[in-house]
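Okay, structure first, notes after.
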Number of protein chains: 2
Amino acid sequence: MPPRAAGGHTRVQSLDRALGLLDLLADAGRPLGLSELASAGGLPVSTTHRMLASLTASGHLHQAPDRRYRLGPRLVALGGAAMLPVGPDVPAWLSQLVASTGETTNAATLCGDAVLFVAQVQSAQAMRTSTEDYRRTLPHCSAVGKALLSLLPDSEVVSLADRVGLPRRTSRTIDSVEGLLWAVAQVRLSGYAVDDEEEEYGARCVAVPVPAAPFPLAVSVSGPTSRVTPERVPAIASELARVVRAA
Amino acid sequence: MPPRAAGGHTRVQSLDRALGLLDLLADAGRPLGLSELASAGGLPVSTTHRMLASLTASGHLHQAPDRRYRLGPRLVALGGAAMLPVGPDVPAWLSQLVASTGETTNAATLCGDAVLFVAQVQSAQAMRTSTEDYRRTLPHCSAVGKALLSLLPDSEVVSLADRVGLPRRTSRTIDSVEGLLWAVAQVRLSGYAVDDEEEEYGARCVAVPVPAAPFPLAVSVSGPTSRVTPERVPAIASELARVVRAA
DNA sequence: ACTCCCCTTCCGCATTCCGAAAGGAGCTGG
DNA sequence: CCAGCTCCTTTCGGAATGCGGAAGGGGAGT
């Protein structure tokens, strides 16, 4: 029985598993039963149950009368506390930007190797961008993604690209590491990033990084190419910079 | 060696400890070093380190260049996802209420045996109520607290009161279980709760429960007794009910 | 350069957690 | 009304897993 050949394992199994369950619930977006969670997480039922019991007892999970589990109030507190350092300013920024640009705005951060949307205010217009809340996307094909990468050293950008690859989403998606590095360098120079139908046809986004934040953070404005025209991009970028810098 | 005499063992030690560390960080409100966390949590340094490594690897914690730990982006996501079911409506409710009443508004939930504020929009007025974000308070002496308790069966209210006691904050604080039950019954009848200088002299609050929410939730308006007069209370209460019911 | 402090890594012991299987509880269909 | 189902909960022996004392770096202050 190979006790464990190699590897600098400095991780706690039960903890990783339990946190995996939390993420599972977050991604599902709906309450899940014990057996659902167990099979989704690839764990024995009884192990899962024990963990859920612990999480429930501490308030990180909440068990509905129908025995299903959903994310609990304590996580709300933790999430809020995690956002505190950047201030409760973010929602205000987004509202302001929606007012001044008329388009949907997002705030996103880098979580693992993925871009994670943490806040959103939608445009009032009928045709609008609207990502699912707390959805993840990839860094190389979004404006926020490139803005976030610009906060990292090139070496990190390269290793991240190696890990996740650069899958094509449209014909304009950046598909080489060099291209990505160049794009990121552009962001550092100009102070803003653009996604020109690189993630989805018909959508154009502008984003700026928020360097002062204690963790990587970026804010973006996105809308249909018909309204967010190339000519408008610089104006939107400086509006973004203005709002974010007013912190 | 007593392996552990009695008790319902359905808890995972390492998990509880790790989550305790998270709460510790949330309560501290500032980045903490390894040794600080270890001693605050009453754990050996190396155990703590292993857990922090796991938490950091998964993105639930973020380690700054100076080696200190702060809450990470993944927690932002979890917190947000936990709030989703009540909709991103809550901030909107609060803004609306601040606009129509001119006073500070809060949303709170029941976390363990404590009331936990999860969102706040402050009044624009110079003299205003302003709780620290994500602070906890006790159920028996706040309007939100009583509103939250009204969502629970009486038996739960009693056992909660037994666990945490009913410490006096002012001369008007409810100090008997009977008094609390009566107050809670009133809330169920009238649909709203009032805190009449029961937590702090000079402050009066009105709160309504949000029964549709997937976990206990209540929204309150609070301000100085000079502006939030007894005569105004019914109007504020119906305004609260209107906004919350418009969900 | 020396010292102190804090973070990181190592490694043997046994505590702690794991997970198959048995024991309820609730629901559906016959 | 009962049989059969599914899903949740609890038990229990085995051992893998995490625990924590102690030693090994690295950086800052003196």
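All heavy atoms count here, side chains included; hydrogens, waters and symmetry mates do not. Chain A is the first sequence line, chain B the second, and so forth, proteins listed ahead of strands; every chain is numbered from 1.
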Starting from [atom2] on [N], measure out to [atom1] on [X] and report it in whole angstrom.
X       : N      : atom1 : atom2 : value
A:Leu61 : D:dC8  : CG    : P     : 14 Å
A:Leu34 : C:dG26 : CG    : P     : 16 Å
B:His49 : C:dC10 : NE2   : C1'   : 13 Å
A:Arg68 : C:dG26 : CZ    : P     : 17 Å
B:Asp16 : D:dC19 : CG    : P     : 12 Å

For [X], enumerate each residue passing the side-chain contact (heavy atoms from CB on, under 4.5 Å) test, keeping only those at least two apart in sequence or located in another chain.
X        : answer
B:Ala53  : none
A:Arg68  : A:Pro31, A:Glu36, A:Asp66
A:Ala57  : B:Arg11
B:Leu138 : B:His140, B:Cys141, B:Pro167

Residue pair A:Leu61 / A:Leu22, side-chain heavy-atom distance below 4.5 Å: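 When only atoms from C-beta onward are counted, A:Leu22 and A:Leu61 do touch, with a gap below 4.5 Å.
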Side-chain touch A:Pro139/A:Lys146, heavy atoms, less than 4.5 angstrom: no
All pairs passing side chain to side chain donor-acceptor pair (under 3.5 Å) where residues 75-86 of chain B contributes a residue, at least two apart: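 Qualifying pairs, neighbours excluded: none.
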By side-chain hydrogen bond (donor to acceptor under 3.5 Å, both in side chains) - contacts of A:Ser54 (at least two apart): B:Asp16
For B:Thr137, all residues meeting side-chain hydrogen bond (donor to acceptor under 3.5 Å, both in side chains), sequence neighbours excluded: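 side-chain hydrogen bond (donor to acceptor under 3.5 Å, both in side chains) check on B:Thr137 returns B:Glu199.
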Test item: A:Thr47 side-chain N/O and A:Leu43 main-chain N/O as donor-acceptor pair under 3.5 Å: no
Under 4.0 Å protein heavy-atom contact, by nucleotide of nucleotides 24-30 of chain D - B base, S sugar-phosphate only: -------
Residue pairs, two or more places apart or on separate chains, that pass salt bridge (charged side-chain N to carboxylate O under 4.0 Å, His left out) and touch residues 183-192 of chain B: B:Asp154-B:Arg188
Contact summary for B:Gly145 and B:Val115, nearest pair of heavy atoms: CA-CG2, 3.7 Å
Smallest separation among heavy atoms of B:Asp195 and B:Ala143, with atom names: CB-N, 3.4 Å
Sugar-phosphate, base or nothing in reach of B:Gln63, heavy atoms under 4.0 Å: sugar-phosphate
Mind listing the N/O atom pairs, protein and nucleotides 13-15 of chain D, below 3.5 Å?
none

Identify the pairs formed between an N or O of the protein and an N or O of nucleotides 3-5 of chain C at a distance under 3.5 Å, and give each distance.
none

What pairs of nitrogen or oxygen atoms, one from the protein and one from nucleotides 17-22 of chain C, lie under 3.5 Å apart?
residue, atom, partner, partner atom, Å
C:dC17, OP1, B:Gln13, N, 2.5
C:dC17, OP1, B:Ser14, N, 2.8
C:dC17, OP2, B:Gln13, N, 3.4
C:dC18, OP2, A:Arg50, NH1, 2.4
C:dG19, OP2, A:Arg17, NH1, 3.2
C:dG19, OP2, A:Thr47, OG1, 3.2
C:dG19, N7, A:Ser46, OG, 2.6
C:dG19, N7, A:Arg50, NH2, 2.7
C:dA20, N6, A:Ser46, OG, 3.0

